[in-house]
Amino acid sequence: MTSFEAAVSAEDLTKRYGTGDAQVTALDAVTVAFGRGELTAIMGPSGSGKSTLMHCLAGLDTPTSGRVWLHGARHGSADRVELSGLRDDALTALRRDRMGFVFQAFNLLPTLTAWENITLPLDLAGRKPDLGFADTVVDAVGLRDRLHHRPSQLSGGQQQRVACARALVSRPDVVFADEPTGALDSRAGAEVLGFLRRSVDELGQTVVMVTHDPVAAGYADRVLFLADGAIVDELRDPSADRVLDRVRGLESAARGRAGVGAGA
Ligand SMILES: Nc1ncnc2c1ncn2[C@@H]1O[C@H](COP(=O)(O)OP(=O)(O)O)[C@@H](O)[C@H]1O
Ligand SMILES: [Mg+2]
């Protein structure tokens, strides 16, 4: 068994929206660490706080209280950054240079070609692409013959593979993926998941993926289960079947707490 090193961690993360009667606690004192070189899936029913957790981890949203650390690959103290201590411009630079993002809706720039989309984060950072590595990534996602196409000329699956390549090409400390297969059919989804999996196995990438799909979570090394803004369970080396069993158990427990008849 390999030792666990965190790439991202959070302590007592709480996020509340609104005030008074309308107040919602989206995250309730979550303490968690995400392993370096692992694919971690965050699962939970709609409204359980998955996106809020990911957005707070990535500095896209500010927690009401609690802290988030990004641990650099070299482990030096200078490499370890606490997000709430950063000003907006430093946070923007941190996201650009050390994080990659894959969203459900692809979020590619329509006027740029696939290649221009993939290398955009490097351009923005004023970095020259490592062409050898960019080639490796392009080949891994099978986009070699689509590099000069614009997003509108690509299928959904191809667009998401462009987004994955874009997320990986800067060799970020962590890739955050929010429902990356949510807009794809199962075959295109499997290609994207297979690629994220290989980025972990072959490139040592760290990936944190939000999903409500047990099949997607089955690709992970570890699955965390969220309910009502808290981590209520986890599973190591999951299969889709074991994830589904656990989801059903949590759902019937939730129905029990809510006093709703569970039926069978
Ligand atoms: N901007 C917001 N304003 C008010 N409430 C929000 C906002 N974003 C999320 N919430 C609430 O926080 C809870 C968690 O939402 P979210 O993190 O989107 O859940 P999930 O991604 O698991 O579906 C939900 O009750 C949701 O309605
Ligand atoms: Mg969500």
Side-chain angles (χ1 to χ4, degrees), residues 8-34 39-68 83-84 88 91 95 99-108 156 159-160 163-164 167 174-184 186 189 192-193 196 207-220 222-235 238 240 243-244 246-255 257-260:
V8 183
S9 60
E11 192 177 281
D12 267 337
L13 213 54
T14 293
K15 177 70 181 182
R16 293 192 192 89
Y17 292 107
T19 52
D21 284 352
Q23 192 171 76
V24 174
T25 302
L27 288 180
D28 194 0
V30 170
T31 294
V32 64
F34 297 88
L39 171 51
T40 306
I42 302 172
M43 284 207 84
S46 179
S48 59
K50 302 183 295 297
S51 294
T52 303
L53 175 58
M54 206 195 84
H55 291 166
C56 288
L57 294 171
L60 293 165
D61 201 348
T62 310
T64 306
S65 61
R67 295 195 287 179
V68 174
L83 267 53
S84 70
D88 274 358
L91 197 53
R95 272 201 305 270
M99 300 178 185
F101 293 92
V102 181
F103 297 101
Q104 179 170 350
F106 320 140
N107 294 24
L108 302 178
Q159 289 183 64
Q160 196 63 310
C164 288
V174 56
V175 169
F176 291 106
D178 193 355
E179 303 277 7
T181 60
L184 303 178
S186 59
V192 163
L193 291 164
L196 290 174
V207 180
V208 176
M209 171 176 74
V210 163
T211 183
H212 65 267
D213 177 7
V215 172
Y219 283 75
R222 177 176 172 231
V223 184
L224 302 175
F225 295 89
L226 267 184
D228 298 329
I231 293 173
V232 292
D233 207 351
E234 76 168 84
L235 208 50
V243 174
L244 190 57
R246 202 63 68 95
V247 167
R248 288 187 175 139
L250 293 169
E251 280 172 357
S252 73
R255 280 195 301 270
R257 278 199 305 280
V260 180

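Everything numeric in this text was worked out from a predicted model, so none of it was measured. Read the numbers this way: they start at 1 and go in the same order the structure lists the ligands and their atoms.
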Visitor: Can you see which heavy atom on V175 is nearest to which on A167, and at what distance?
Guide: CG2-O, 3.9 Å
Visitor: Determine the minimum heavy-atom distance between T181 and A216, stating which atoms define it.
Guide: OG1-CB, 4.3 Å
Visitor: Determine, considering heavy atoms only, which of K15, K50, Q23 sits nearest to atom 22 (O) of ligand 1.
Guide: K50
Visitor: Compute the minimum heavy-atom distance from S46 to ligand 1 and say whether it is under 4.0 Å.
Guide: yes
Visitor: Can you see which heavy atom on A230 is nearest to which on V30, and at what distance?
Guide: CA-CG2, 4.3 Å
Visitor: Less than 4.0 Å between a side-chain N and a carboxylate O, is that true for K15 and D61?
Guide: yes
Visitor: Which heavy-atom pair separates P238 from V243 by the least distance, and what is that distance?
Guide: CB-CG2, 3.6 Å
Visitor: Suppose I only count heavy atoms of P45 and a 4.0 Å limit; which atoms of ligand 1 are within that range?
Guide: 22 (O)
Visitor: Would you check if the Mg ion (ligand 2) lies under 2.8 Å from any N, O or S atom of M54?
Guide: no
Visitor: Show the atoms of ligand 1 that are less than 4.0 angstrom away from any heavy atom in A26.
Guide: 12 (O), 13 (C), 14 (C)
Visitor: Restricting to non-hydrogen atoms, name the atom on L83 and the atom on C56 that form the minimum distance, rounded to 0.1 Å.
Guide: CD2-O, 4.0 Å
Visitor: Tell me whether D228 at atom CG has more than 12 heavy atoms from other residues, nucleotides or ligands lying less than 6.0 Å away.
Guide: no
Visitor: V68 and V8: which non-hydrogen atoms are nearest, and at how many Å?
Guide: CG1-CG1, 4.3 Å
Visitor: Considering only protein heavy atoms, which is closest to atom 19 (O) of ligand 1, and at what distance to one decimal place?
Guide: G49 N, 3.2 Å
Visitor: So which heavy atom in the protein is nearest atom 26 (C) of ligand 1, and how far is it from that ligand atom?
Guide: V24 CG1, 4.8 Å
Visitor: Starting from atom 6 (C) of ligand 1, find the nearest protein heavy-atom neighbour and note its residue, name and distance.
Guide: Y17 CD1, 3.2 Å
Visitor: Starting from atom 18 (O) of ligand 1, find the nearest protein heavy-atom neighbour and note its residue, name and distance.
Guide: S51 CB, 3.9 Å
Visitor: Students should be able to answer this: which protein heavy-atom is nearest to atom 14 (C) of ligand 1, and at what distance?
Guide: G47 O, 3.4 Å
Visitor: Just need the protein heavy atom nearest to atom 15 (O) of ligand 1, so name the residue and atom and give the distance.
Guide: T52 OG1, 3.8 Å
